[in-house]
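Just so we're clear, the structure is a prediction, and the values are computed from it rather than from any experiment. Indexing begins at 1, ligand by ligand and atom by atom, following the structure's order. Positions are given from 1 along the sequence.
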Amino acid sequence: MAQLPFPGRSGPDAGLRDGASYTIDPLPEEPRAALRTLIEAGHEAVLVGGCIRDEITGRGATDWDLATAAPPEAVSELFPRSHWENRFGTVTLPGSPLVEITSYRTESGYRDRRRPDAVAFGASLTGDLGRRDFTINAVAWRPGDLAGGHGILVDPHGGIEDLRSRVIRAVGDPDERFGEDALRLLRAVRFSLRFGFAIEPRTEAALRRAAPSAATLSAERVRDELLRLVGDASIQPSVAFARWEELGLLSVLLPELSALRGVPQGKRLAGDALDHSLRTAEALPATDPVLRLAGLLHDVGKATTLADGHFIGHEEVGAEVAERVMRRLRFPERDVERVTTLVRGHMFGYRPSWTDAAVRRFIARVGLDRLEDLFALREADSAASGAGKPTSGGMDELRARIAEQRRAPVETRQLAIDGHDLQRVLGLAPGPGIGRILARLMEAVLDDPSRNERDTLLDLAREMPDR
Ligand code: ATP
Ligand code: MG
């Protein structure tokens, strides 16, 4: 029930504790029906984790996690349209809101600190809650009267009290918990920032000790956690990565960013190139986490290019470093390309003296679909430099001039002829030579769009000396 605003000063209602009755209102039909199906088939089933945490603090749950005594095979039989992630026994129901069903389990033997070696099913709810990461995520709700959304809270680790006193505390021994799964290091920081909670001192001390083990995390898990961090509108990147740095996580996971610490930025606002990078990411929208990463990485080339007070070519070096980072974290190709294009392009300097052809070449270099991204990055970069809006006069003019050129062809596929025409009409053999000719024709058309006519282009191609 949404009793309290969140983040609230007082946290969950005073009466809430282990064994207290609690009504979820409204309990959406999807988790209600899933609970009913399991219980009617004779299996114990509860709601657990983030959804209960978010309900009792008044935030309201968005996803619903069910835990059940039924083994995974029984769950997938009861929900034939579900998707079964075999190894971890998590069954995801189709549709939204997201409903996931996980069989009670206890995990053992995290040899590589990535994934449990063995997952034992058939354990009890107590066992299941005991293997969860933080006390605030280890509270369950056992349904009584499903129709009314009434049930009982199960909180053996004092998670409700920790919600009230606003702390992130590991379940059980923190050294053991971080030793089992290094992702919990990053989750602790994220939850602490998202809710504005402190990390409990013993948990934080263990986190610091275990920070180097973040190096053993799989790239995919780091990537997903990074996206959740910068994609969370309630978390400020400047605070988040400063915290990563202070806890010893940044140098392990993103050493390229750590290297910006102490590098002068020569901008109006205080701080070094790392501070500036974090402010830039922060000035970009959380709804576009990959764009925020471009902001984070845009000056990453500055660590190695400082000479005579200037950072010669830092955008080129930076694009290479950013590409390496993005590939290491196994980002999809389109994200790698997007970030490197933005890093490479972020130093553009518009002058009113640019010819229309120069404007078209700029569009061609950046790519039509990257222009808005690049402007957003530039504006964030200026804001993060303390330059504010003064440069935006020029930006507005450039935008207007780009709009004037909207119809001009800027990509080879917009040319009035293609590679087949060149082969057919000029009798050229297929191969890379065709691409080179098209690129040169594109240059000619960028200079003068009126050349974009079939006969003109074929004539130009014929005249090319070394085709
Ligand atoms: P969010 O609101 O970010 O989804 P959440 O707490 O729901 O927060 P999930 O990643 O969806 O986080 O995980 C659901 C639950 O599974 C958690 O509340 C926690 O009980 C458990 N959990 C998730 N990841 C871990 C982990 N690495 N170690 C232990 N328990 C975990
Ligand atoms: Mg969740």
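- Residue R228 places a heavy atom less than 4.0 Å from ligand 1.
- Atom 17 (C) of ligand 1 has its nearest heavy-atom neighbour, among R53, R221, R177, R187, in R187.
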Please list, one pair per line, the donor and acceptor atoms closer than 3.5 Å that link side chains of residues 35-43 to other protein atoms, with sequence neighbours excluded.
from : atom 1 : to  : atom 2 : distance (Å)
T37  : OG1    : A33 : O      : 2.9

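- Looking at residues two or more places apart in sequence or on another chain, you find a side chain to side chain contact (heavy atoms under 4.5 Å, CB included) between T203 and R169, A170, P174, F178, I199, E200.
- Short contacts between ligand 1 and R190, defined as distances under 4.0 Å to a heavy atom of the residue, involve ligand atoms 3 (O).
- A salt bridge is absent between E220 and R223; no separation between the charged side-chain nitrogens and carboxylate oxygens falls under 4.0 Å.
- Considering backbone and side-chain N/O atoms, D63 never comes within less than 3.5 Å of an N/O atom of ligand 1.
- Side-chain atoms of R279 do not come within 3.5 Å of backbone N or O of S385 as any donor-acceptor pair.
- Nearest heavy atom pair, residue L183 against residue L217, reads N-CD2, 3.4 Å.
- Between F191 and ligand 1, no pair of N/O atoms sits closer than 3.5 Å.
- For S103 (side chain) and A69 (main-chain N/O), no donor-acceptor pair under 3.5 Å exists by modelled atom type.
- Residue G49 has at least one heavy-atom neighbour below 4.0 Å for each of these atoms of ligand 1: 18 (O).
- Under the 4.5 Å side-chain criterion, counting only non-hydrogen atoms from C-beta, I52 is in contact with I24.
- Where the criterion is an N or O separation shorter than 3.5 Å, residue side chain and backbone included, D65 fails it with respect to ligand 1.
- Interface of R131 with ligand 1, defined as ligand atoms under 4.0 Å from a residue heavy atom, comprises 29 (C).
- For the residues N137, T90, V48, I136, the heavy atom positioned nearest atom 20 (O) of ligand 1 is part of N137.
- Here the shortest heavy-atom distance to atom 16 (O) of ligand 1, taken over R184, R194, R132, E225, belongs to R132.
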